[in-house]
Amino acid sequence: VTQQRGKVSVVGAGAVGTAISYACLLRGTAGHIALLDIDEAKVRAEVLDLNHGTQFVPACTVEGSADVAVTAGSDVVVVTAGAKQRPGQSRLDLAGANVAMARTVVPRLLEHSPQAVVVLVTNPVDVVTYAAIKVCGLSDGRVFGSGTVLDSSRLRFLLARHAGVAVGNVHAYVVGEHGDSELPLWSSATIGGVPLAAYPVDGRPLDAATRNAIAREVTDAAYEIIKGKGATSLAIGLATARIAEAVLRDERRVLPVSSLLRRWRGVDDVCLSLPSVVGRRGVERVLPTSLDAVELEGLRRSAEAVRSVARAVGV
Ligand SMILES: NC(=O)c1ccc[n+]([C@@H]2O[C@H](COP(=O)([O-])OP(=O)(O)OC[C@H]3O[C@@H](n4cnc5c(N)ncnc54)[C@H](O)[C@@H]3O)[C@@H](O)[C@H]2O)c1
């Protein structure tokens with residue numbers, strides 16, 4: 001049974017990697033979970049803690065190590081390893097260290113799991129994903145980033161709360177960089193099949209001020225959470241488990257993940273998030289989502305923002 005449900009490896013047993021493993025365990029995402037971290041005591045402790053709960057969840061074996069061999073034969077490898085922003089450290093410093101990590105770690109992971117799909121979560125995720133794709137020479141969608149799946153779920157949560165409907169009935173995407181230059185696609189957002197622009201709440205459709213406030217809340221969410229609890233973890237854990245399931249079960253689910261764009265409405269050779277079909281081979285197709293003129297301009301600006309960080313760290 002466990003083999004049928006596949007193997008997920010999670011690299012980095014910090015706040016994010018542990019939350020992803022826990023979400024996978026609860027959801028029955030995989031039959032086997034492996035954790036890899038350079039901190040041996042930490043990875044051992046997390047594996048013990050997860051294993052002690054296996055009586056209460058769908059059958060799953062959990063192991064962990066500081067040796068990359070623990071990840072061998074994975075179907076999906078999720079990378080969360082790397083530095084978090086520390087006091088006095090710039091975003092560029094973070095990018096440099098984490099790009100270097102991805103360049104050494106991802107090829108070694110693929111050596112041990114030649115069939116795996118690799119999902120990067122480490123920030124800045126679009127730049128780290130681009131660096132990993134280039135170093136492996138795999139531009140066919142097998143290596144991609146978690147992108148704005150989390151940001152889109154934040155948007156859907158806020159719209160659902162505003163409209164008083166279930167979050168599953170809101171369809172709306174945040175696209176572009178996973179970061180400050182991201183943008184919500186208002187023009188294609190719908191609630192229960194009704195275009196958002198025509199969806200009345202208290203007799204009025206969503207006005208520009210409310211839209212802007214919601215967009216700001218989505219972009220600023222991470223800052224508020226990091227201020228209060230040190231790291232965002234639980235929602236990215238669930239989002240990443242969902243991405244892993246789309247791959248393992250070959251669901252061909254539409255998710256706004258970050259992949260290498262090729263001449264997408266004039267945006268080329270940069271990793272950004274757009275609604276994409278995710279299945280057993282990774283990102284199988286980037287959808288021809290319709291953007292209005294303002295949104296297209298926003299996406300191009302976002303591409304420039306990601307490129308300038310990449311350039312600054314020599315990617
Ligand atoms: N993409 C997203 O939506 C999203 C959301 C939240 C956090 N993140 C990012 O995820 C990353 C991890 O965040 P966190 O809060 O878990 O940090 P953390 O410091 O709690 O954990 C990072 C772990 O990585 C390990 N590590 C470092 N280098 C390693 C290597 N070469 N091999 C194996 N393990 C290694 C460390 O020992 C540590 O346990 C950060 O870059 C963060 O910005 C991304």
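Both counts, for ligands and for their atoms, begin at 1 and track the order of listing.
- Val119 approaches Gly145 most closely through the heavy-atom pair CG1-C, 4.5 Å.
- Taking each of Asp37, Thr122, Thr148 in turn, the one with a heavy atom nearest to atom 38 (C) of ligand 1 proves to be Asp37.
- Other residues, nucleotides and ligands place more than 12 heavy atoms under 6.0 Å from the CZ atom of Arg265.
- Close contacts of ligand 1 with Thr232, meaning ligand atoms under 4.0 Å from a residue heavy atom, involve 5 (C), 6 (C).
- Each of the following atoms of ligand 1 lies closer than 4.0 Å to a heavy atom of Leu150: 3 (O).
- Only the side chain of Asn98 comes within 4.0 Å of ligand 1, counting heavy atoms alone; its backbone N, CA, C and O stay farther away.
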Please list, one pair per line, the donor and acceptor atoms closer than 3.5 Å that link side chains of residues 287-299 to other protein atoms, with sequence neighbours excluded.
unit_1, atom_1, unit_2, atom_2, d
Asp292, OD1, Val294, N, 3.2
Asp292, OD1, Glu295, N, 2.9
Glu295, OE1, Ser187, OG, 2.7
Glu295, OE1, Asp292, N, 3.0
Glu295, OE2, Trp186, N, 3.0
Glu295, OE2, Ser187, N, 2.9
Glu295, OE2, Ser187, OG, 3.3

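- Atoms of ligand 1 found under 4.0 Å from any heavy atom of Ala231, numbered from 1 in the order shown, are 15 (O).
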Please list, one pair per line, the donor and acceptor atoms closer than 3.5 Å that link side chains of residues 8-19 to other protein atoms, with sequence neighbours excluded.
unit_1, atom_1, unit_2, atom_2, d
Ser9, OG, Ser74, OG, 2.7
Thr18, OG1, Ala13, O, 3.2
Thr18, OG1, Gly14, O, 2.6

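- Distances below 4.0 Å separate heavy atoms of Thr80 from the following atoms of ligand 1: 11 (C), 12 (C).
- The shortest separation from a heavy atom of Lys42 to ligand 1 is not under 4.0 Å, leaving the residue out of contact.
- Enclosure of atom CZ in Arg300 by more than 12 non-hydrogen atoms of other residues, nucleotides or ligands within 6.0 angstrom is indicated.
- The shortest N or O to N or O distance between Val125 and ligand 1 is not below 3.5 Å.
- Annotation: Val105 places no N or O atom under 3.5 Å from an N or O atom of ligand 1; distance criterion only.
- Using a 3.5 Å distance cut-off with no hydrogens or angles, the side chains of His178 and Asp126 do not pair a donor with an acceptor.
- More than 12 heavy atoms of other shown residues, nucleotides or ligands fall within 6.0 angstrom of atom CZ in Arg307.
- Atoms of ligand 1 found under 4.0 Å from any heavy atom of Gly12, numbered from 1 in the order shown, are 24 (O).
- Within the structure, ligand 1 has Ala83 among the residues with a heavy atom less than 4.0 angstrom away.
- The proximity of Ile38 to ligand 1, defined as any non-hydrogen pair under 4.0 Å, involves the side chain as well as the backbone.
- When all heavy atoms of Arg280 and Leu248 are compared, the closest pair comes out as CD-O, 4.5 Å.
- Polar contact check, Val16 against ligand 1: a nitrogen or oxygen pair lies under 3.5 Å apart.
- Within 6.0 Å of the OH atom in Tyr199, the count of heavy atoms belonging to other residues, nucleotides or ligands exceeds 12.
- The option from Gly14, Ala66, Ser146, Ala81 that lies nearest to atom 29 (C) of ligand 1, judged by heavy atoms, is Ala81.
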